[in-house]
Structure formats: C-alpha cells, structure tokens
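Below, read A as the first sequence line, B as the second, and so on, with proteins coming before strands; counting in each chain starts at 1.
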Amino acid sequence: MVDMTTIEGLCKRRGFIYRSSEIYGGFNGFFDYGPLGVELKNNIKAAWWQDFVQRREDMVGLDSSIIMHPNIWKASGHVEGFSDPMVDCKESKLRFRADQLFFAKVEVDSETIGYVSVLEDGAMQKEAEDKAAALKRKLAKQGSLGEIVLKNYMDAKPFEYELIPSPATGNAGTLTPPRDFNLMFQTYVGALRDETAVAYLRPETAQGIFANFKNVIDTSRVKVPFGIAQIGKAFRNEITPRNFIFRSREFEQMEIEYFISPHADWKKLHREWIDCCKQWFVSIGIPADALGEDIHPQEKLAHYAKACTDITCNFPHGLQELQGIAVRGNFDLTQHQNASGKALEYFDEAIKEKYLPHVIEPSLGVDRTFLAVMSAAYAEDEVPNDKGEAEKRTFLKFHPRVAPFKAAVFPLVKNKPEIFDRSREIFKRLQNRWNVFFDATGAIGRRYRRQDEIGTPFCITVDFETVEGNGSVTLRERDSTKQIRLSVDEVVKYIEDAGA
RNA sequence: GCGGGCAUAGUUUAGUGGUAGAACAUCUGUUUUCCAAGCAGAUUGUGACAGUUCGAUUCUGUCUGCCCGCACCA
C-alpha cells in the first residue's frame with residue numbers, strides 16, 4: 001500500500017488537494033480541492049447520485065440547509081451527546097470523561113484527611129471505601145472513618161479540583177477542571193448574540209432528511225420502502241484531525257435514510273444494502289479485496305440501533321471505516337415527532353396501518369471515498385524510455401467514470417499547422433461531451449507521463465497519418481501504454497464504452 | 001488537548017550572524033515522425049509575528065502548521 005506522504009505529495013503537486021489557507025500558514029483540519037481534485041470529487045458524487053438516486057425507483061434526493069433549527073440537534077441528541085466535558089491528568093497524560101469520574105471526601109472523626117477518586121463502574125463504591133481506608137492507614141490516623149459519599153466530578157467545587165487525586169496516579173493537583181469539547185460548531189443567527197440565537201453547523205446530513213420526512217412523503221408519492229438521499233457538507237470540531245483528509249473538521253457526506261416497514265425483514269435488507277454499497281465501490285475502481293466488513297458487537301451499539309456494519313477499506317494508514325451502514329429503528333423520527341409535536345407517521349395502504357418507519361442508514365464520507373479511490377488508483381511500474389532503458393513511471397489507474405480528464409489530445413508535433421489544427425478540432429469535438437485536456441508542449445512521451453500521473457485513461461495523438469492518410473488517430477491506453485489506431489468516431493465510442 | 005520531533009522554491013535538498021545555491025518540475029523559444037531527449041532563456045524560497053543585534057534565514061521567545069505517540073472520535 002502506498003503511504004500517506006506519497007499520496008499527499010501527489011495531491012499537492014498535481015493540484016488535487018491543498019491545505020486550507022496555506023498562504024497564512026495553513027489551518028488544521030481543513031482542505032481545499034484544486035482543479036483536478038474538484039473534478040474527481042464531483043465525478044464521485046455524480047456517480048453515487050446516479051447509481052443510488054436517479055437509477056433507482058425507490059429513492060429520491062434532498063438538499064437541506066446546513067444550519068437548521070437548534071431544536072433539531074436537541075431532539076437528535078447531538079447537543080448532549082456531542083459535548084462531553086473532559087478532564088485531563090497533567091501527570092499521567094490520561095484523559096477522562098468528567099461524567100464518568102467520581103470523588104469523595106474522606107473524613108476521620110469529622111476531620112477531612114483528603115480525597116479519593118474512582119472511575120465509574122459497578123464496584124466503584126467499594127473501591128472508593130478501600131482507597132479511603134488505605135489513605136487513613138497511610139496518614140496513620142486514629143478514629144472512625146466517615147461515610148464515603150461519591151460525587152460526580154462535574155459537581156466538584158472549584159477549590160476541590162486541586163485536592164482530588166488523579167485515579168491514574170493517586171496524586172492530587174494534577175487534574176484539570178472539566179473542559180468542554182463540543183464537537184458541533186456554534187454560530188449565532190440574527191443580530192443578537194445571546195443564548196436564544198445559538199445555532200449549529202450540522203455535524204451530519206442525516207437529520208435534515210428526518211426533518212423533511214413528512215414533506216417528502218406528502219409531495220413525492222413515495223411508498224415504503226423508499227429512501228431519501230443527500231450529499232452535503234458536515235462539520236465536526238474534531239479534537240485531533242489527522243491522516244490527511246480522512247478525518248477533517250469540514251467534510252462532505254453522502255447519506256441515505258432508507259425507510260422500511262417495522263414488520264420488514266430488516267436483517268435481509270441490511271445485508272442487501274451492504275452488498276449493494278460494496279459493489280458500488282468496486283464499480284468506481286476500489287478493488288473488492290481492499291474492502292472489508294466490521295460488524296459492531298451488540299454492546300457497542302447505540303441504544304436505539306439494532307445493528308451496524310462498517311464497510312472498511314485498506315487506506316494508507318490502515319484498515320479503516322469507509323462507510324457505516326446502520327439499522328436505526330425509528331428512534332430519529334420518534335424523537336422529532338415528540339420534540340416538534342407534529343405527527344410524522346406514514347399510512348401504509350397495503351396493510352392499512354399507521355406507523356413510524358424504521359430506517360437503514362448507509363452513511364458515507366465523500367472525502368474518505370476520494371482518499372480510497374486515490375490510494376487504490378496509485379500505481380508504479382517501469383516503462384522503457386526512448387533509449388530503451390526501463391524508467392519508473394507513476395500513474396493513477398482511475399476508473400474512467402471518476403477520472404478528472406477522460407482523455408487528452410496531442411498533436412504529435414506542434415510546428416506543423418495541419419497536425420496542430422486537426423488536433424484542436426478533435427479536442428473541441430471531445431470537449432463537447434467530456435472533460436478533456438489539450439497539450440502540445442514538450443516531447444510526446446513527456447505528455448503521456450503527465451497524463452499518467454493525473455490518471456487520464458486515454459491519450460489521443462494526431463500524427464502525419466491522420467492528415468496525410470485515412471484520418472485515423474492513435475489512442476494510447478494509460479495502464480498498458482498500448483496504442484491502437486482508430487477513426488475519430490471510433491475513439492468517441494471507445495471512450496463511451498469504457499464507461500467514462 | 002498533552003509529550004517528543006520538524007519547518008529553506010511546486011518537490012527533493014545545500015549553505016551562512018553580512019545580498020540564499022542546486023536538481024527535478026513549471027513557463028517561453030528552438031528542435032523533435034510516439035513514451036519524462038537536446039539546446040537557449042525565464043519565473044519561484046528561508047512558515048508568521050516579536051525580541052537581541054549596526055545587520056537575523058541563522059540566536060531567543062510566541063504563534064501557526066506538519067510528523068510520531070497518548071487521549072478523543074465514526
């Protein structure tokens with residue numbers, strides 16, 4: 001597997017991805033897609049939209065706003081769930097969730113001799129009492145130990161932060177006060193900057209779908225089972241964005257909420273979605289053997305989820321999640337129905353029954369898909385140069401469907417007007433249909449290599465035979481470097497048949 | 001967020017308390033009848049902000065970013 005540094009370097013050098021705000025020193029967790037990157041990214045999104053929305057009868061699309069009513073995030077659980085106050089131990093460098101850290105005052109004959117701390121678990125009361133007894137022995141105090149009353153660290157008084165020992169080291173004074181790490185970006189809507197004006201940038205696109213569920217069933221004649229798909233930006237204030245675009249603070253998701261009857265065989269449908277999504281990855285050039293499945297064990301699932309399977313992919317930094325496919329029951333619709341007070345039930349004509357549909361949620365990161373496509377496409381081989389010596393070649397074997405340029409057109413030489421003009425004509429013709437590139441600079445071999453490195457599947461060269469002979473051109477194939485002679489009409493068909 | 005390392009052109013790098021040098025890439029011209037050729041020329045850099053100094057890319061500090069670990073996270 002190619003390493004991340006190589007991918008990052010290539011992305012930068014060829015204009016796929018730049019670090020955001022680079023002229024100001026960069027901005028951690030944000031990236032900009034350059035001229036080739038935006039093409040590849042758009043092609044990935046278009047392929048997904050075509051395959052999952054336009055070419056299916058049971059799917060419709062949606063594009064909801066990024067900033068929505070703040071109550072949506074309260075109902076979905078994001079306001080609470082995405083903001084866990086954390087406590088750092090400055091000595092051991094460990095970090096704890098404040099709500100899972102407990103402490104108690106230790107008293108002997110009503111005199112406070114110190115504090116003990118424990119992490120939340122079933123036996124924490126006994127652990128705290130043992131620690132208190134140990135502390136009493138250590139300080140050689142006589143008398144009777146007072147009752148150990150555990151309190152949550154969140155409820156500690158400011159002066160107590162200095163006195164509570166770290167559960168990791170037992171030493172006091174090393175813990176920080178609880179600090180907020182809200183993963184949602186906040187902003188204010190309207191002129192006033194008070195609590196009532198707080199709004200959030202969405203941390204996922206899914207809630208926009210749930211919030212519009214009633215609108216869609218009322219206006220688009222869909223019948224369960226059906227899905228709503230959405231592609232859009234999402235924002236998470238990640239503590240440590242890392243691994244290039246794999247985890248960033250602003251990213252793009254392609255999400256589906258597929259609504260099914262509560263009586264449906266969800267296990268079977270879940271399996272079908274997993275297979276369907278995997279096939280789609282293969283169809284855009286990610287090899288099947290790079291993909292895996294990570295089935296979440298029951299105890300790791302959110303309380304409302306019935307199952308969740310991640311489709312994993314072999315990334316430069318290891319086997320990591322590419323797409324999560326969860327079976328979520330009807331938790332979200334229930335939450336929004338209760339919070340909004342609006343009935344969101346669907347009336348199923350077939351069985352004359354009203355219900356809140358359950359959902360299967362395939363959720364995919366565009367940027368992760370980009371990285372997966374890029375890594376899978378990266379290849380090196382050796383090609384003989386004009387002296388017949390083998391020379392290293394770097395190329396991207398993109399599937400024609402996602403390749404930024406579908407083809408490049410070259411005049412073999414640029415100082416022969418007939419050849420040059422003819423190549424411009426052919427270029428213009430192809431450009432009407434596809435994103436194609438024209439290059440007349442440098443030796444022909446150099447032009448081929450430049451296209452190889454940005455993953456252009458075909459190069460079309462106009463030579464003397466084109467203008468003096470039967471008008472045929474050469475079509476050179478990227479992966480094999482083989483050339484064939486074709487008429488221009490045949491070239492169009494060839495590119496079309498390749499799936500561009 | 002914590003600890004450690006790092007920061008010179010688009011990339012890889014050399015060097016210095018006194019005007020920063022190369023290779024590759026890019027661009028122009030020329031040449032070229034199919035795989036990074038040749039020739040001539042050109043553009044581009046000390047991450048940012050302070051401090052010490054007559055003078056800082058070099059020394060010091062702060063910030064920013066990157067890499068590695070921890071922690072966190074889907």
Side-chain angles (χ1 to χ4, degrees), chain A residues 3-6 8-15 18-30 34 81-82 84 86-97 168 174 176 179-181 183 203-204 234 236-244 246-247 249 251 253 294 296 300 302 308 310-312 317 320-326 363-365 368 382-395 410-416 419 440-453 459-468 473-476 478 481-483 485:
Chain A
D3 65 273
M4 196 71 95
T5 314
T6 308
E8 274 192 67
L10 178 58
C11 282
K12 172 76 196 292
R13 198 169 63 247
R14 292 301 184 179
Y18 316 118
R19 278 165 40 209
S20 169
S21 317
E22 204 172 77
I23 60 169
Y24 287 96
F27 201 43
N28 195 4
F30 298 91
F82 264 52
D84 297 323
M86 305 299 294
V87 182
D88 285 321
C89 169
K90 286 180 273 194
E91 190 181 1
S92 66
K93 308 303 173 199
L94 291 175
R95 165 174 288 171
F96 312 100
R97 274 176 59 175
T174 67
T176 63
R179 293 185 287 192
D180 246 345
F181 288 97
L183 291 185
E204 61 172 39
R236 288 182 199 174
N237 203 356
E238 297 285 353
I239 298 167
T240 312
R242 213 171 268 194
N243 294 318
F244 197 33
F246 185 81
R247 172 170 293 124
R249 289 182 165 135
F251 58 104
Q253 293 185 306
D294 178 23
H296 290 211
K300 260 186 70 187
C308 183
D310 288 344
I311 296 179
T312 57
H317 60 297
Q320 297 280 333
E321 176 191 346
L322 175 58
Q323 178 169 33
I325 303 175
S363 169
L364 172 62
R368 286 183 182 189
E382 292 196 333
V383 168
N385 64 15
D386 64 340
K387 297 178 195 71
E389 300 154 344
E391 221 171 305
K392 191 184 134 192
R393 174 179 78 131
T394 298
F395 64 111
F410 310 145
L412 183 59
V413 292
K414 70 171 170 183
N415 57 357
K416 299 281 180 294
I419 290 183
T441 311
I444 192 80
R446 177 186 213 68
R447 286 179 263 164
Y448 286 145
R449 298 298 176 82
R450 277 199 284 241
Q451 295 307 311
D452 289 342
E453 204 177 12
C459 291
I460 292 132
T461 302
V462 174
D463 57 13
F464 288 87
E465 199 177 327
T466 313
V467 291
E468 289 163 6
V473 296
T474 65
L475 182 142
R476 180 256 195 192
R478 175 194 61 208
T481 76
K482 293 271 159 35
Q483 294 182 34
R485 286 208 81 89

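Residue-level contact check: A/Arg242 touches the bases, meaning some heavy atom is under 4.0 Å from a base atom. Base contact: A/Gln483 has a heavy atom under 4.0 Å from a base atom. Contacts of A/Lys12 with the nucleic acid, taken as non-hydrogen atoms under 4.0 Å apart, involve only primed sugar atoms and P, OP1 or OP2. At a threshold of 4.0 angstrom between heavy atoms, the contacts of A/His296 include nucleobase atoms, whether or not backbone atoms are also involved. Within the 4.0 angstrom heavy-atom criterion, only backbone atoms of the sugar-phosphate kind lie near A/Arg19; the bases stay farther away. At a threshold of 4.0 angstrom between heavy atoms, the contacts of A/Thr474 include nucleobase atoms, whether or not backbone atoms are also involved. Nucleic acid contact for A/Gln253: none, since no nucleic acid atom lies under 4.0 Å from a heavy atom of the residue.
Closest to the A/Glu321 side chain, of the nucleotides B/C73, B/A74, B/C35, is B/A74. Closest contact between the side chain of A/Arg236 and the listed nucleotides B/U33, B/C34, B/A74 involves B/A74. In the set B/A36, B/U32, B/C34, B/C34 carries the atom at the smallest distance from any side-chain atom of A/Leu412. When distances run from any side-chain atom of A/Thr461 to the nucleotides B/C35, B/U32, B/C34, the shortest one goes to B/C34. Relative to the side chain of A/Arg446, the nucleotides B/C34, B/U32, B/A36 differ in distance, and B/A36 lies closest. Among the nucleotides B/G65, B/U28, B/A74, the one closest to any side-chain atom of A/Thr441 is B/U28. Considering only side-chain atoms of A/Lys414, the nucleotide from B/A36, B/G29, B/A74 that sits closest is B/G29. Of the candidate nucleotides B/U33, B/C35, B/A37, B/C35 has the atom lying nearest to any side-chain atom of A/Val383.
Two residues, A/Glu238 and A/Phe244, neighbour RNA chain B, and the one matched to the more 5' nucleotide by heavy-atom proximity is A/Phe244. RNA chain B is contacted by both A/Lys416 and A/Glu453; A/Lys416 maps to the nucleotide lying nearer its 5′ end (nearest heavy atom per residue).
Under the Watson-Crick and G-U wobble criteria, each requiring two contacts below 3.5 Å, nucleotide B/U30 is paired to B/G38. Nucleotide B/C2 forms a pair with B/G69, judged by Watson-Crick or G-U wobble geometry with both contacts under 3.5 Å. Judged by Watson-Crick or G-U wobble contacts below 3.5 Å, the nucleotide B/U11 has B/A23 as its partner. Nucleotide B/U62 has B/A48 as its partner under the Watson-Crick or G-U criteria, with both atom distances under 3.5 Å. Checking B/G18 for Watson-Crick or G-U wobble geometry (two distances, each under 3.5 Å) identifies B/C54 as its partner.
Rounded to a whole Å, the CD atom of A/Gln320 is 11 Å from the C1' atom of B/C73. What separates CD1 of A/Ile23 from P of B/U64 is a distance of 18 Å, to the nearest Å. Atom C1' of nucleotide B/U11 and atom OH of A/Tyr18 are separated by 14 Å, given to the nearest angstrom. For the pair A/Arg13 CZ and B/G10 P, the interatomic distance rounds to 14 Å; values are reported in whole Å. Taking atom CG of A/Asn28 as the reference point, atom P of B/A7 lies 19 Å away to the nearest angstrom. Going from atom CG of A/Asn243 over to atom P of B/C67 covers 8 Å, rounded to whole Å. Atom CD1 of A/Ile311 and atom C1' of B/A74 are 14 Å apart (whole Å). The distance from atom CZ of A/Phe410 to atom P of B/C34 is 15 Å, rounded to the nearest whole Å.
One P atom belongs to B/U13, the other to B/G51, and the distance between them is 33 Å to the nearest Å. Between B/U62 and B/C27, the two C1' atoms lie 40 Å apart (nearest whole Å). The same atom, C1', is picked in B/A25 and in B/C73; the two are 39 Å apart, to the nearest Å. A gap of 36 Å separates the P atoms of B/A36 and B/G47, to the nearest Å. Taking atom P on both B/G65 and B/C49, the two are 16 Å apart, rounded to the nearest angstrom. Using atom C1' as the reference point in both B/G1 and B/C59, the two lie 31 Å apart (nearest Å). Taking the P atom of each, B/C67 and B/U11 are spaced 14 Å apart, rounded to whole Å. Rounded to whole Å, the separation between the C1' atoms of B/G15 and B/U58 comes to 10 Å.
No aromatic stack links A/Tyr448 and the base of B/C34, using centre distance under 5.5 Å and interplanar angle under 30°.
Between A/Tyr448 and A/Phe410, the ring planes are tilted. Angles from 30° to 60° get that label.
In this model, no side-chain donor or acceptor of A/Arg447 finds a partner on the base of B/C35 within 3.5 Å.
A salt bridge is absent between A/Glu468 and A/Lys416; no separation between the charged side-chain nitrogens and carboxylate oxygens falls under 4.0 Å.
Between the side chain of A/Arg447 and the main chain of A/Leu412, a donor-acceptor pair closer than 3.5 Å is present. Side-chain atoms of A/Asp3 come within 3.5 Å of backbone N or O of A/Thr5 as a donor-acceptor pair. A donor-acceptor contact shorter than 3.5 Å is absent between the side chain of A/Arg393 and the backbone of A/Arg449. A donor-acceptor pair under 3.5 Å links the side-chain atoms of A/Arg236 to the main chain of A/Pro203, judged by distance alone.
A/Phe246 carries A/Arg368 over the face of its six-membered ring, with the cationic atom under 6.0 Å from the centre and within 45° of the normal.
Annotation for A/Ile419 and A/Val413: closest pair CG2-O, 3.8 Å, computed over non-hydrogen atoms. When all heavy atoms of A/Glu204 and A/Gln253 are compared, the closest pair comes out as CA-OE1, 3.1 Å.
Between B/U26 and A/Arg450, a contact under 4.0 Å exists linking OP1 or OP2 to a side-chain N or O.
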